[in-house]
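All of these numbers come straight from a predicted model, not from anything done at the bench.
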Number of protein chains: 4
Amino acid sequence: MKKKRAGKPVPKETDERVRRSKETVLAATYELLTEAGLGGVSVDAVSARSGVAKTTIYRHWPSRSALVLDACSQLGSKREAPNTGSLKGDVTVLVTDLARRLRTARWAGVLPSIIDAAERDPELAELHSRLHAGLMGAFNLAVEQARKRGELPRTQDTSHLLAALVGPLFYRRWFSREALDERFVQSIIESAVAKLKP
Amino acid sequence: MKKKRAGKPVPKETDERVRRSKETVLAATYELLTEAGLGGVSVDAVSARSGVAKTTIYRHWPSRSALVLDACSQLGSKREAPNTGSLKGDVTVLVTDLARRLRTARWAGVLPSIIDAAERDPELAELHSRLHAGLMGAFNLAVEQARKRGELPRTQDTSHLLAALVGPLFYRRWFSREALDERFVQSIIESAVAKLKP
Amino acid sequence: MKKKRAGKPVPKETDERVRRSKETVLAATYELLTEAGLGGVSVDAVSARSGVAKTTIYRHWPSRSALVLDACSQLGSKREAPNTGSLKGDVTVLVTDLARRLRTARWAGVLPSIIDAAERDPELAELHSRLHAGLMGAFNLAVEQARKRGELPRTQDTSHLLAALVGPLFYRRWFSREALDERFVQSIIESAVAKLKP
Amino acid sequence: MKKKRAGKPVPKETDERVRRSKETVLAATYELLTEAGLGGVSVDAVSARSGVAKTTIYRHWPSRSALVLDACSQLGSKREAPNTGSLKGDVTVLVTDLARRLRTARWAGVLPSIIDAAERDPELAELHSRLHAGLMGAFNLAVEQARKRGELPRTQDTSHLLAALVGPLFYRRWFSREALDERFVQSIIESAVAKLKP
DNA sequence: CAGTAAACGAGACGGTACGTCCCGTCTTATG
DNA sequence: CATAAGACGGGACGTACCGTCTCGTTTACTG
């Protein structure tokens, strides 16, 4: 039925209306997510907030999970590795930055609800791992660079190192709810990196 | 109106029905909590599961939060400090035990939902801190003993130490979802304690 | 599980709330019906108009048709036969009255939509025949009395008579939309009854 | 832009596409009308049935009512007066024919929905009166011929006669749903015409 | 041991959200 | 520029729960 121009194999989403609808909806979803958590995101609420009809939302996303998933895709923004020349330098930059984001970023308040949902909803479990990968990507890159510089043996398992670096941050942010101050960050980095050197 | 027995100043809950109802409800609540997370706990669901009428439940607990709180009171079971004679020894026992519990205990799957709710519901925030205190109590005890033995300077802030010890565990349990094996635990302890010695 | 007092076999609708809800809903339905026709009756609209929650409406009526049906049950109010002593006298009273009701009664504007729906929906077809029976009941009674008085032979088929009496009224009310005035009513009665006498 | 043929001041619908679209749409509309009643006619449904896009339909008809109106234009086919030589003869032919059509014609099932809609939609009210005029046209012609023959006084109001003739048919077709058999038709004609003669 | 106050079950009720269907309007792209 | 394709807002559907509430009925304590 539909004939397509030869040189235009997939005119994917050329429709302006679709683009605009999706954008509006995703923005509203993200807003609701950060304001009221995962539980606050209902298709009805998103529709009311965005002004986009429920029908339209269901036209583009099959389920609430899918919508949330999509709205969070912007979250896992890959960080660049800083490349200060030494592993400790890189790590300091990264951990400091992560601490700052855990203090301020709005998604920080939502992560637990996503983690919780991931325990049950496989669709959201995938989101969880994507977010995790996004957050940790820069760390892995820094480690890779350190390997190239010879700071780290090729074979060493660095997952312990990573856990030692970010685990305490997460712990403080959500469990003990103590401050993520400069001294704490420094202390953690010392502990984690100390073991590597000798 | 109400006459009280002399030697029984607080005859609170002499009514057998009340006692039985409460018990049944709390058990059902706890079951639901561990099976379906906080989100799975609703007065409706608890009523259906326990066979106790919704009215009765609301008579004894003012809100869902209060009910959950009550049902979790048994959770924060204070651990004894092991007292092996050295801080590292104690810590090894405690961390190993915590790792084991994170792997197996049913409440481990629920904690994120409680943490999430705590971000918004002050009532559940209190539960959160109680659980946290319960989990960390033994660690604080061990640290205290170490102080008495002179292993640690009186003034040292040990919160960094604790974060370095349990943070990585939490990280692995809920974020990276990697295994909490023996080697990992050992590695973490080394990192955290190393700094203290000199 | 449920134990019932002996002497109270069916405590049918003793609940005041149910009674009030039903009443409110039926009133609103009837209002909507007369204002906007069958098409104007939607469960949503009834809910909005009556203030009764949609859930509650569905609790008491399984479908829109059932609701409309119930709301119309009051419509088919059986008319008494007038008993003036002669068939023509009775018939004059009845036809005059019917003409008046066709002019003024609010349901008159709705009947066509019910007739239409009855062509397709068997549930509403039943309503149609109930309404029809209600409207014609008095006529049949009058005929019966005439038979007893010997004005009509036992065997005569009176359905033709009835059709000749009310048919023209209906025709004028809905098809030609001319006035249902006194002269017309008289004229119709003359035509219909004339044939019987000799 | 548009070039017009010289000798054709009104080149109305020279476009073959338009003609074909209209035809297809009207046919589909009529089909739907007779199958599912007025309620079954929606632009969506017509579009689906005819294969013509909704846009196109709305280009040619401003509203559903207009479309239905157009599709029904063929319905009010004026009947010729039979001219048997006597009023009763003519009327017998006409009523018998009407009865036959009420039994068999597909539009008979639709009329109530049109009548209902006419109560609210003025556009359809016009359709209603056109249909009515079409149906009654032949009767009026027959009456006119009778007047010319002197069978009827010039001044007599014949609307009562017409109502007495067709009213009972309509009543039986839609209200009582009894059969429109030969005996009934004869009986009705007798009643209605009897009064005129003397 | 009778009377009474409470605890209790059953479930009606107002709500919110769900995901679906269909409609009439409006926009975009194709021929 | 007529047309096809289909996105969109809107309204209604009937369902599933939820938390509140109002009942009538047990039941255990009291006097």
- Message: Using a 4.0 Å heavy-atom cut-off, does C:S63 contact any base of the nucleic acid, only the sugar-phosphate backbone, or nothing at all?
- Response: nothing
Take the protein atom [atom1] of [X] and the nucleotide atom [atom2] of [N], then report the distance between them rounded to whole Å.
| X | N | atom1 | atom2 | value |
| --- | --- | --- | --- | --- |
| D:K22 | F:dA2 | NZ | C1' | 13 Å |
| A:E16 | F:dA5 | CD | P | 23 Å |
| B:R49 | F:dC17 | CZ | C1' | 16 Å |
| A:I57 | F:dG10 | CD1 | P | 12 Å |
| C:R19 | E:dC13 | CZ | P | 11 Å |
| A:L38 | E:dA17 | CG | P | 15 Å |
| B:L67 | F:dC18 | CG | C1' | 14 Å |

- Item | Salt-bridge present (B:R20, B:E23; N to O < 4.0 Å) | no
- Query: Quick one: the side chain of A:T55 and the base of F:dG10, do they pair up donor-acceptor inside 3.5 Å?
  - Reply: yes
- Between the side-chain atoms of C:K54 and the base atoms of E:dG14, is any donor-acceptor pair under 3.5 Å? no
[N] phosphate, OP1 or OP2: any side-chain N/O from [X] under 4.0 angstrom?
| X | N | value |
| --- | --- | --- |
| D:H60 | F:dA2 | no |
| C:T56 | E:dA12 | no |
| C:S21 | E:dC13 | yes |
| A:Y58 | E:dT20 | no |

- Task: Could you walk me through whether A:R49 and A:E35 pass the side chain to side chain contact (heavy atoms under 4.5 Å, CB included) test, one step at a time?
- Result: CA-CA 12 Å; A:R49 165 83 58 119; A:E35 283 175 22; 2.9 Å; yes
- Item | Most 5' of C:V52 and A:S42 on DNA chain E, judged by nearest nucleotide | C:V52
- Query: Quick one: on DNA chain E, does B:A53 or A:V41 contact a more 5' nucleotide (nearest heavy atom)?
  - Reply: B:A53
- Message: Is the shortest side-chain heavy-atom distance between D:D116 and D:L38 below 4.5 Å?
- Response: no
- Taking the nucleotide of DNA chain F with the closest heavy atom to each, which residue, A:G51 or C:R17, is nearer the 5' end? A:G51
- Item | Which residue lies more 5' along DNA chain F, comparing B:R20 with C:D44 via nearest heavy atoms | C:D44
- Query: Can you tell me how far the OH atom of A:Y58 sits from the OG atom of A:S63, to the nearest 0.5 Å?
  - Reply: 8.5 Å
- Item | Spacing of A:S50 atom OG and A:L26 atom CG [to the nearest 0.5 Å] | 10.0 Å
What nucleotide, of [options], holds the atom closest to the side chain of [X]?
| X | options | answer |
| --- | --- | --- |
| B:R59 | F:dA12, F:dG19, E:dA7 | E:dA7 |
| B:V18 | F:dC13, E:dC18, E:dC8 | E:dC8 |
| D:V43 | F:dA12, E:dG9, E:dG24 | E:dG24 |
| A:R64 | E:dC18, E:dA7, F:dA4 | E:dC18 |

- Message: Tell me whether the count of non-hydrogen atoms from other residues, nucleotides or ligands lying under 6.0 Å of CZ in B:R106 goes above 12.
- Response: no
